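For ligands, and for the atoms within them, numbers begin at 1 and follow the listed sequence. Small disclaimer: the values here were computed from a predicted structure and weren't measured.
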Amino acid sequence: MAIQSMNPATGEVLSTFEEYTPEQTAGILADTASAWMSWRETTYAERASRLQRAAEILREKQSALAEIMALEMGKPVRQGRGEVVKCAAVCDYYAQEGEALLAPMPIEGVGRSAYVRFEPLGTLLTVMPWNFPFWQVFRIAAPSLMAGNAVVLKHASNVPQCALAIEEIFKEAGFPENIFRTLLIGARQVEAVLDAPSVFAVSLTGSEHAGMKVASAAGARLKKSVMELGGSDPFIVLPDADLDEAVKTATLSRCGNTGQTCIAAKRFIVLDAVYDEFVTRLKASMSALVMGDPLAEGTDMGPMSSAPLREELQGQVDRCIEAGGKAVLGGAIPSGTGCYYPPTIITDVPTEAGVCREELFGPVALVFKVSSEDEAIALANDTPFGLGGSIWSADEAKAALMATRVRTGCVFINSLVRSDVHLPFGGVGNSGYGRELGSYGIREFTNIKSICIG
Ligand code: NDP
């Protein structure tokens with residue numbers, strides 16, 4: 001079966017790749033396993049110098065890499081360059097901090113002396129999505145390589161050129177030939193990869209469906225998994241919030257990357273005192289976005305990544321309207337070429353409607369009016385997801401207290417929910433389990449080994 005790169009702005013097929021055969025895949029896994037035998041013995045300094053070189057290459061190539069993303073999945077080039085710079089930052093961070101984060105940890109109160117070591121385990125399988133085709137890969141690959149593991153990447157089938165470019169960057173940075181490999185394979189071959197004895201774990205970012213399938217397959221083989229799945233982040237606005245900042249961030253969060261972000265604000269929960277003002281300002285702000293050619297510098301929103309995902313989003317919008325929602329902005333697929341979807345705001349959807357519990361993976365804001373902070377928290381938690389959320393209020397102490405009641409992996413106060421190299425990132429509930437980034441991310445795929453003397 002062929003893996004195809006298609007421009008979602010034009011429908012043009014850019015290139016077609018033959019999927020690797022099971023035999024080719026097995027060969028790569030064997031090569032990776034053998035390369036790992038020496039890689040595991042390298043010093044942190046050796047690993048760090050290569051990661052630092054990868055960061056330099058990313059910065060040098062940022063425009064070219066942003067262009068590949070624009071062509072394959074529609075990300076505006078300005079946002080693409082930002083993504084590449086962020087990949088360089090995660091390489092820098094683990095190059096600089098990795099050794100200290102993995103330093104043996106002394107443990108008091110047992111034996112004559114005891115400590116914990118963090119040892120590499122083998123080859124990590126990463127199954128990645130198309131929405132941040134570089135960042136999602138680098139944020140798991142950089143710590144894993146620094147920890148002494150090998151990595152194989154099964155990228156989403158619509159971004160093969162990104163997948164190959166990433167493999168090339170690691171090679172050019174001086175990593176041993178087979179320590180990071182891209183597998184051009186479809187979803188059906190993932191189980192066979194998990195069968196390889198050298199593959200000790202899998203990290204997947206993507207939909208709940210893919211997460212359930214891959215986590216089950218890993219569980220059946222007693223292999224560890226980390227799941228970074230969808231989200232339906234609440235964005236809570238209290239009456240004393242700075243509405244200018246809140247609206248600016250709401251627009252960026254909901255419409256950046258054309259709304260195709262797991263930690264995008266998706267449900268806007270606004271106290272009745274400022275509800276009308278918030279909706280009016282959000283409408284003005286989202287209407288001002290420039291939608292168009294992702295290769296153009298002035299574009300804020302490119303096309304969605306594919307026609308089927310746009311159809312799915314329209315189906316969800318239709319169900320919002322059928323349930324009683326009102327589209328105060330957008331809400332329909334525009335005519336013309338390309339998988340474009342306009343910025344959309346829907347109010348008045350009854351909270352019991354099933355669609356409110358789904359992830360809307362596109363530039364569609366659902367806005368809800370509530371009459372108390374308790375009601376805001378209850379609605380924020382009325383979802384199977386639990387990835388991120390934000391609270392907007394001049395009273396940051398009160399907001400911090402409210403944050404403890406929001407059932408998610410992170411809460412940001414008066415700030416954009418984002419992944420940052422220093423902070424553990426991941427969810428609860430249907431948003432998955434395990435953590436990436438920070439100290440937790442680099443230890444996630446190590447053998448946490450106790451050594452006890454006496
Ligand atoms: P998927 O979850 O289907 O794809 C993500 C990755 O998982 C891809 O590499 C995909 O491979 C792989 N995959 C999918 N199914 C399986 C399987 N059964 N076994 C092994 N690997 C599998 O995302 P989609 O692109 O289909 O997007 C669908 C929805 O998922 C979106 O609308 C959104 O709601 C959610 N999503 C969420 C993301 C997030 O960051 N939270 C990211 C992407 C999607 P292949 O491409 O070959 O199918």
Side-chain angles (χ1 to χ4, degrees), residues 1-6 8 17 19-20 25 72-75 83 125-137 139-140 152-160 162-163 166 182-195 199 202-220 225-233 256-264 266 304-317 339 341 355 357-364 383-388 408-409 417-419 425-427 429-432 436:
M1 205 181 78
I3 289 182
Q4 221 170 47
S5 188
M6 183 188 281
F17 300 85
E19 182 176 348
Y20 294 176
T25 303
E72 278 200 321
M73 51 68 70
K75 192 186 302 276
E83 177 170 338
L125 167 63
T126 61
V127 180
M128 291 291 131
W130 44 265
N131 59 340
F132 289 88
F134 281 81
W135 168 244
Q136 310 273 28
V137 177
R139 77 176 181 190
I140 183 75
V152 289
L153 165 66
K154 181 264 175 280
H155 218 324
S157 296
N158 58 333
V159 288
C162 293
I166 295 168
T182 284
L183 305 172
L184 288 184
I185 57 173
R188 278 173 305 128
Q189 275 204 56
V190 165
E191 288 216 25
V193 175
L194 281 167
D195 277 332
V199 173
V202 59
S203 178
L204 177 141
T205 301
S207 62
E208 290 164 277
H209 174 78
M212 285 176 198
K213 291 282 180 204
V214 173
S216 308
S225 58
V226 162
M227 294 287 141
E228 300 286 0
L229 309 178
S232 185
D233 286 9
N257 208 34
T258 314
Q260 304 164 119
T261 305
C262 49
I263 45 168
K266 295 184 179 126
M304 291 185 62
S305 70
S306 72
L309 289 179
R310 181 173 71 159
E311 289 298 329
E312 192 181 321
L313 183 68
Q314 183 61 55
Q316 290 171 311
V317 167
C339 300
Y341 199 86
V355 66
R357 274 161 209 82
E358 297 174 13
E359 177 175 41
L360 272 67
F361 217 59
V364 178
T383 170
F385 296 105
L387 198 52
T408 55
V417 177
R418 57 195 181 273
S419 53
F425 181 88
N430 286 12
S431 292
E436 291 184 337

Between the side chain of [X] and the main-chain N/O of [Y], is any donor-acceptor distance below 3.5 Å?
X      : Y      : answer
Ser431 : Leu229 : no
Ser225 : Ala215 : no
His155 : Pro133 : yes

Go through Gln314 and Tyr341 one step at a time and tell me if the side-chain contact (heavy atoms from CB on, under 4.5 Å) criterion holds.
-> CA-CA 9 Å; Gln314 183 61 55; Tyr341 199 86; 2.8 Å; yes
Could you verify whether a donor N or O on one side chain and an acceptor N or O on the other, from Gln136 and Glu228, lie under 3.5 Å apart?
-> no
Going by distance alone, is a donor N or O of one side chain under 3.5 Å from an acceptor N or O of the other, for Trp135 and Ser419?
-> yes
Is [X] touching ligand 1 with its side chain, its backbone, both, or neither, if touching means heavy atoms under 4.0 Å apart?
X      : value
Trp130 : side chain
Glu228 : neither
His209 : neither
Asn158 : neither

Looking only at protein heavy atoms, identify the closest one to [atom] and say how far it is in Å.
atom                    : result
atom 31 (C) of ligand 1 : Phe361 CD2, 3.7 Å
atom 22 (C) of ligand 1 : Ala187 CB, 3.5 Å
atom 47 (O) of ligand 1 : Ser157 OG, 2.5 Å
atom 12 (C) of ligand 1 : Val127 CG1, 3.6 Å
atom 6 (C) of ligand 1  : Met128 O, 3.6 Å
atom 29 (C) of ligand 1 : Ser207 CB, 3.9 Å
atom 13 (N) of ligand 1 : Ala210 CB, 3.8 Å
atom 41 (N) of ligand 1 : Cys262 CB, 2.9 Å

Using a 4.5 Å cut-off on heavy atoms from C-beta on, say whether the side chain of Asn257 contacts that of Lys75.
-> yes
Nearest 0.5 angstrom please: [X] [atom1] to [Y] [atom2], how far?
X      : Y      : atom1 : atom2 : answer
Gln260 : Ser305 : CD    : OG    : 4.5 Å
Tyr20  : Leu183 : OH    : CG    : 7.5 Å
Asn158 : Leu309 : CG    : CG    : 8.0 Å
Cys339 : Met73  : SG    : CE    : 11.5 Å

Please identify which atoms of ligand 1 are closer than 4.0 Å to at least one heavy atom of [X].
X      : result
His155 : 9 (O)
Val214 : 19 (N), 20 (C), 21 (N)
Leu309 : 27 (O), 28 (C), 32 (O)
Lys154 : 9 (O), 11 (O), 45 (P), 47 (O)
Leu229 : 41 (N)
Lys213 : 18 (N)
Pro129 : 42 (C), 43 (C)
Gly230 : 41 (N)

Determine, step by step, whether Val193 and Ile185 satisfy the side-chain contact (heavy atoms from CB on, under 4.5 Å) criterion, reporting the C-alpha distance in whole Å, the side-chain angles of both residues, the deciding distance to 0.1 Å, and the verdict.
-> CA-CA 10 Å; Val193 175; Ile185 57 173; 3.9 Å; yes
Per-atom contact, atom 26 (O) of ligand 1, protein heavy atoms, under 4.0 angstrom = no
Please check if a non-hydrogen protein atom sits closer than 4.0 Å to atom 3 (O) of ligand 1.
-> yes
How far apart are the C-alpha atoms of Gln316 and Val364, what are their side-chain angles, what is the distance that settles it, and do they pass the side-chain contact (heavy atoms from CB on, under 4.5 Å) test?
-> CA-CA 10 Å; Gln316 290 171 311; Val364 178; over 6 Å; no
Does an N or O anywhere in Gly186 fall below 3.5 Å from an N or O of ligand 1?
-> no
Is there a nitrogen or oxygen of Thr205 sitting under 3.5 Å from a nitrogen or oxygen of ligand 1?
-> no
For the pair Thr261 and Arg418, evaluate side-chain contact (heavy atoms from CB on, under 4.5 Å) and give the outcome as yes or no after the intermediate values.
-> CA-CA 10 Å; Thr261 305; Arg418 57 195 181 273; over 6 Å; no
